[in-house]
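Single-structure report; data block below.
Note that the structure is a prediction, hence the values are computed from the model and not measured.
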Amino acid sequence: SPSLERACEAPRHRRVGHGRGAPSELWLPFCAASQGRAGRALARATQRMSLLDAAQRGHAKAVQSICDSRRYARQAALRGELDSTALHAACEHGHEAVARILLQRSRDLLDVPNRLCQTPLHLSCERGHLSCARLLVDAAADDAHRLQSLLDSADSSGLTPLMRASVSGSAPLVELLVSRGAALDRIDQVGMTALFRACIAGHTACLELLLAARATLQPNVEGAKPLV
């Protein structure tokens, strides 16, 4: 916090007295006291902060404090804009450390959708946050059914995380999802596949990865095929 930074930047001691004859050996340490006050101020701010706010802002210490407290159950039930959870907020903004803390506390939020039927993995892929996406799929890796459901879940537009990654143009994300078994040829509400969307958006690297994984060149509902 700014107050904590100011405290740490302050000189270690303050001299008592001024001018000639002032005893140079009389110094009063005060940086530790300043840091203590800043620490208490941070603790009070953390107590007032909601889990959603802390996750969105990437305040890992505040999130950890809430997860370790009796406030967690009530705070975890709170929903933000579009009925998003704290895990949605952390993954949307790329706060991997916060997402890790939340998943260590509970995996219940892993595949909870928001009002647009988007899971935290959808938002990670839409925003291009590879580290968050990897964390999420790793968290589901010990349950094959849950992992497949997470990879292939469709949002309210019919887009899967792989489609979102293809639209965002993140080749590392596409590679991650394909390697974990994401369905290649699912279609959205307008009949487009991940390959179709990567082609329309001009993301050549994503297109090459999907073709190498044997994604098909099936037409959309209007009969058009991707131009490759």
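The cluster map of Ile, Leu, Val, Met, Phe, Trp and Tyr, joined by side-chain heavy atoms under 4.5 Å apart, puts Leu109 and Val63 in the same cluster. Hydrophobic clustering (ILVMFWY, side-chain heavy atoms < 4.5 Å, transitive): Val167 and Ile200 are in distinct clusters. Met163 is not connected to Val178 by any chain of hydrophobic side-chain contacts under 4.5 Å among Ile, Leu, Val, Met, Phe, Trp and Tyr, and they are in different clusters.
The structure places CZ of Arg146 at 12.5 Å from CG of Leu151, a figure rounded to the nearest 0.5 Å. Distance CG/Leu103 to CG/Leu110: 6.0 Å, rounded to 0.5 Å. The NE2 atom of His95 lies 11.5 Å from the CG atom of Leu102; values are rounded to the nearest 0.5 Å. Within the model, atoms CG of Asn114 and CG of Leu82 stand 5.5 Å from one another, a figure rounded to the nearest 0.5 Å. Taking CG of Leu123 as the start and SG of Cys132 as the end, the distance is 10.5 Å to the nearest 0.5 Å. One finds the CD atom of Gln56 at 9.5 Å from the OG atom of Ser84 (value rounded to the nearest 0.5 Å).
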Before giving the answer on salt bridge (charged side-chain N to carboxylate O under 4.0 Å, His left out), spell out for Asp142 and Arg107 the whole-Å C-alpha distance, their side-chain angles and the decisive distance to 0.1 Å. CA-CA 12 Å; Asp142 57 353; Arg107 296 186 184 182; 3.3 Å; yes
Could you go through Leu210 and Thr193, starting from their C-alpha distance and side-chain angles, then the distance that decides it, and tell me whether this counts as side-chain contact (heavy atoms from CB on, under 4.5 Å)? CA-CA 10 Å; Leu210 292 167; Thr193 62; over 6 Å; no
Can Asp68 and Arg105 be said to form a salt bridge (charged side-chain N to carboxylate O under 4.0 Å, His left out), step by step? CA-CA 8 Å; Asp68 292 340; Arg105 180 62 175 79; 5.8 Å; no
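Closest approach of Leu136 to Leu150, counting heavy atoms only: O-CD2, 3.9 Å. Considering all non-hydrogen atoms of both residues, Thr119 and Asp111 come closest at CG2-O, 4.0 Å. The shortest non-hydrogen separation linking Ser179 to Leu176 is OG-O, 2.6 Å. For the pair Leu162 and Ala183, the tightest heavy-atom approach, listed with the atom from each and the gap, is CD2-O, 3.6 Å. The nearest pair of heavy atoms linking Gln118 to Glu126 is NE2-OE1, 3.7 Å. For the residue pair Leu177 and Ala165, the shortest heavy atom distance occurs at CD1-CB, 4.1 Å.
Judged by distance alone, the side chain of Ser149 and the main-chain N or O of His145 form no donor-acceptor pair under 3.5 Å. The backbone N or O of Ser156 lies less than 3.5 Å from a partner atom in the side chain of Gln189, making a donor-acceptor pair. Listed for the His93 side chain is no donor-acceptor partner under 3.5 Å among the backbone atoms of Gly58. A side-chain donor-acceptor contact under 3.5 Å links His122 to the backbone of Ser153. Side chain of Arg186 to backbone of Asp152: a donor-acceptor contact under 3.5 angstrom is found. Between the side chain of Ser166 and the backbone N or O of Ala198 there is no donor-acceptor pair closer than 3.5 Å. Ser69 places a side-chain N or O within 3.5 Å of a backbone atom of Ile66 that can act as its donor or acceptor partner.
The closest side-chain donor-acceptor pair between Asp185 and Thr216 falls under 3.5 angstrom.
In this structure, the salt bridge (charged side-chain N to carboxylate O under 4.0 Å, His left out) partners of Glu96, at least two apart in sequence or on a different chain, are Arg100. Taking the salt bridge (charged side-chain N to carboxylate O under 4.0 Å, His left out) definition, one finds that Asp108 meets it with nothing, sequence neighbours left out. With sequence neighbours excluded, no residue forms a salt bridge (charged side-chain N to carboxylate O under 4.0 Å, His left out) with Arg57. Checked against side chain to side chain contact (heavy atoms under 4.5 Å, CB included), Ser168 has the following partners two or more places apart in sequence or in another chain: Ser170.
Under the side-chain contact (heavy atoms from CB on, under 4.5 Å) test applied with Cys125, the options Leu159, Leu173, Thr160, Leu130 reduce to a single match, Leu173.
Under the 4.5 Å side-chain criterion, counting only non-hydrogen atoms from C-beta, Cys91 is in contact with Leu87. Side-chain contact check for Arg180 versus Asp138: some heavy-atom pair is nearer than 4.5 Å. Counting only heavy atoms from C-beta outward, the side chains of Arg164 and Leu121 never approach each other to under 4.5 Å.
For residues 194-213, the set of pairs meeting the side-chain hydrogen bond (donor to acceptor under 3.5 Å, both in side chains) definition, not counting sequence neighbours, comprises Asp188-Arg197.
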Pairs of donor and acceptor atoms involving the side chains of residues 72-81, under 3.5 Å and at least two apart or interchain, shall be tabulated with distances.
{"from": "Gln75", "atom 1": "OE1", "to": "Leu51", "atom 2": "N", "distance (Å)": "2.7"}
{"from": "Arg79", "atom 1": "NH1", "to": "Ala76", "atom 2": "O", "distance (Å)": "3.0"}
{"from": "Arg79", "atom 1": "NH1", "to": "Ala77", "atom 2": "O", "distance (Å)": "3.3"}

